[in-house]
Visitor: 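First the structure, which I've put down as structure tokens, then a few questions once you've had a look.
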Amino acid sequence: MTVSFYPYVFDAVANRYVFVGAENETFELSSANASDLLSILGFEDLWSAPPQPIAAFLGRLIAALRNSTGRPSVEIPVTVDQAPGRLTVIDCGRAEGYLNRRLHELAILVQQSREAGATHVGWG
């Protein structure tokens, strides 16, 4: 499953969040990687959090990037679970430094979205 991150503007008159930007201005991760990334950012209630104010979200990203300088995220090796008569399950793993790189890419998108007028970032 995939989790997408979206830039929003809060419309106070209509009391709703409105997606900002083009379709290519989203950021996607697998559910497992998104869970790990959101945990790095300090979110505890990962899947029911409302869109976050963009300045605070960017602050969390910057803090996480600073904390990870010189410390790449750990590699997760590929694993295969198979047995006769059972479904084979393959976990594709994750390269060393993958989460660091994705934090950086998300920070760029969030900064560009803020410059374009976004006020919040949400995911789901």
Side-chain angles (χ1 to χ4, degrees):
M1 220 158 104
T2 301
V3 175
S4 299
F5 291 76
Y6 302 97
Y8 293 98
V9 169
F10 181 68
D11 180 347
V13 174
N15 194 32
R16 66 185 177 115
Y17 294 96
V18 180
F19 177 69
V20 174
E23 199 57 37
N24 64 349
E25 293 175 347
T26 62
F27 180 84
E28 296 183 349
L29 289 168
S30 71
S31 295
N33 288 331
S35 176
D36 289 346
L37 186 138
L38 288 166
S39 292
I40 289 169
L41 295 177
F43 290 100
E44 294 177 10
D45 194 6
L46 305 180
W47 308 120
S48 62
Q52 301 295 303
I54 201 163
F57 191 83
L58 188 57
R60 287 179 185 237
L61 281 166
I62 291 168
L65 287 167
R66 285 184 181 151
N67 287 337
S68 69
T69 300
R71 292 184 297 166
S73 56
V74 295
E75 175 183 11
I76 298 175
V78 174
T79 58
V80 178
D81 181 15
Q82 65 185 42
R86 288 189 18 213
L87 176 73
T88 298
V89 177
I90 302 171
D91 183 332
C92 295
R94 183 167 59 208
E96 180 182 63
Y98 176 79
L99 288 177
N100 304 74
R101 182 169 44 86
R102 299 299 283 175
L103 280 168
H104 179 73
E105 292 168 358
L106 182 56
I108 291 170
L109 172 67
V110 171
Q111 180 63 35
Q112 290 172 343
S113 298
R114 183 168 80 168
E115 291 169 1
T119 61
H120 290 75
V121 175
W123 58 88

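We use all heavy atoms of the structure for the numbers below, so side chains are in, but hydrogens, waters and symmetry mates are not.
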Visitor: Can you confirm whether Q111 sits close enough to L61 that some side-chain heavy atom of one is under 4.5 Å from a side-chain heavy atom of the other?
Guide: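 When only atoms from C-beta onward are counted, L61 and Q111 do not touch, as no gap falls below 4.5 Å.
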
Visitor: Give the cluster check for F57 versus I62: same hydrophobic cluster or not, with ILVMFWY residues linked at side-chain heavy-atom distances below 4.5 Å.
Guide: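 Cluster IDs for F57 and I62 match.
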
Visitor: Between D91 and T79, is there a donor-acceptor pair closer than 3.5 Å when you use the side chain of the first and the backbone of the second?
Guide: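 Not confirmed, D91 side chain does not pair with T79 backbone.
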
Visitor: How about E115: does its CD atom have over 12 heavy atoms from other parts shown lying under 6.0 Å from it?
Guide: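 Atom CD in E115 is packed in, count exceeds 12.
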
Visitor: What are the two closest non-hydrogen atoms of Y8 and Y6, and how far apart are they?
Guide: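 Looking at all heavy atoms of both residues, the closest pair is CD1-O, 3.5 Å.
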
Visitor: Of all the heavy-atom pairs spanning P72 and E96, show the shortest one and how long it is.
Guide: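 Closest pair (atom of P72, atom of E96, distance): CB-CG, 3.8 Å.
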
Visitor: Does a side-chain heavy-atom distance below 4.5 Å link L103 with L41?
Guide: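 L103 vs L41: side chains touch.
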
Visitor: Going through the checks in order, is the side-chain contact (heavy atoms from CB on, under 4.5 Å) test met by T69 and L65?
Guide: CA-CA 6 Å; T69 300; L65 287 167; 5.8 Å; no

Visitor: Assigning hydrophobic clusters by single linkage (Ile, Leu, Val, Met, Phe, Trp, Tyr; side-chain heavy-atom cutoff under 4.5 Å), is F43 placed with L99?
Guide: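 F43 and L99: one cluster.
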
Visitor: Do the non-hydrogen side-chain atoms of F10 and N15 ever get within less than 4.5 Å of each other?
Guide: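 Touching, per the 4.5 Å side-chain cut-off.
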
Visitor: With side chains defined as the heavy atoms from C-beta onward, is the minimum distance between Y17 and T119 less than 4.5 Å?
Guide: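 When only atoms from C-beta onward are counted, T119 and Y17 do not touch, as no gap falls below 4.5 Å.
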
Visitor: Hey, does I108 have a side-chain heavy atom less than 4.5 Å from the side chain of Q112?
Guide: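 In contact.
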
Visitor: Which pair of non-hydrogen atoms, one from L29 and one from Y98, has the smallest distance, and what is that distance?
Guide: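 Looking at all heavy atoms of both residues, the closest pair is CD2-OH, 3.6 Å.
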
Visitor: Do you know the tightest heavy-atom contact between H120 and P53?
Guide: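 Minimum heavy-atom separation between H120 and P53: CD2-N, 3.5 Å.
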
Visitor: Any sub-3.5 Å donor-acceptor pair from R102's side-chain atoms to E28's backbone N or O?
Guide: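 Present.
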
Visitor: Given W47 and V3, is the side-chain contact (heavy atoms from CB on, under 4.5 Å) satisfied, shown in steps?
Guide: CA-CA 10 Å; W47 308 120; V3 175; 3.7 Å; yes

Visitor: Side chain of S35, backbone of S31: donor and acceptor closer than 3.5 Å?
Guide: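 Here the side-chain-to-backbone pair does not exist.
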
Visitor: Measuring from D36:CG to S73:OG, what's the distance to the nearest 0.5 Å?
Guide: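 Reported value, rounded in 0.5 Å steps: 9.0 Å.
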
Visitor: Using the six-membered ring wherever Trp is involved, compare the ring planes of F5 and W123 and label them parallel, tilted or perpendicular (cut-offs 30° and 60°).
Guide: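 Tilted: the ring planes of F5 and W123 meet at 30° to 60°.
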
Visitor: Any side-chain to backbone donor/acceptor pair from T88 onto Q82? Under 3.5 Å, distance only.
Guide: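 A pair under 3.5 Å: no.
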
Visitor: Run the side-chain contact (heavy atoms from CB on, under 4.5 Å) check on S113 and V121 step by step: do they pass?
Guide: CA-CA 9 Å; S113 298; V121 175; over 6 Å; no

Visitor: Quick check against the 3.5 Å criterion: does Q52 have a side-chain atom that pairs as donor or acceptor with the backbone of P50?
Guide: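 Confirmed, Q52 side chain pairs with P50 backbone.
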
Visitor: Looking only at heavy atoms, which two atoms of V9 and A118 are closest? And how far apart?
Guide: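 That closest heavy-atom pairing would be CG2-CA, 3.9 Å.
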
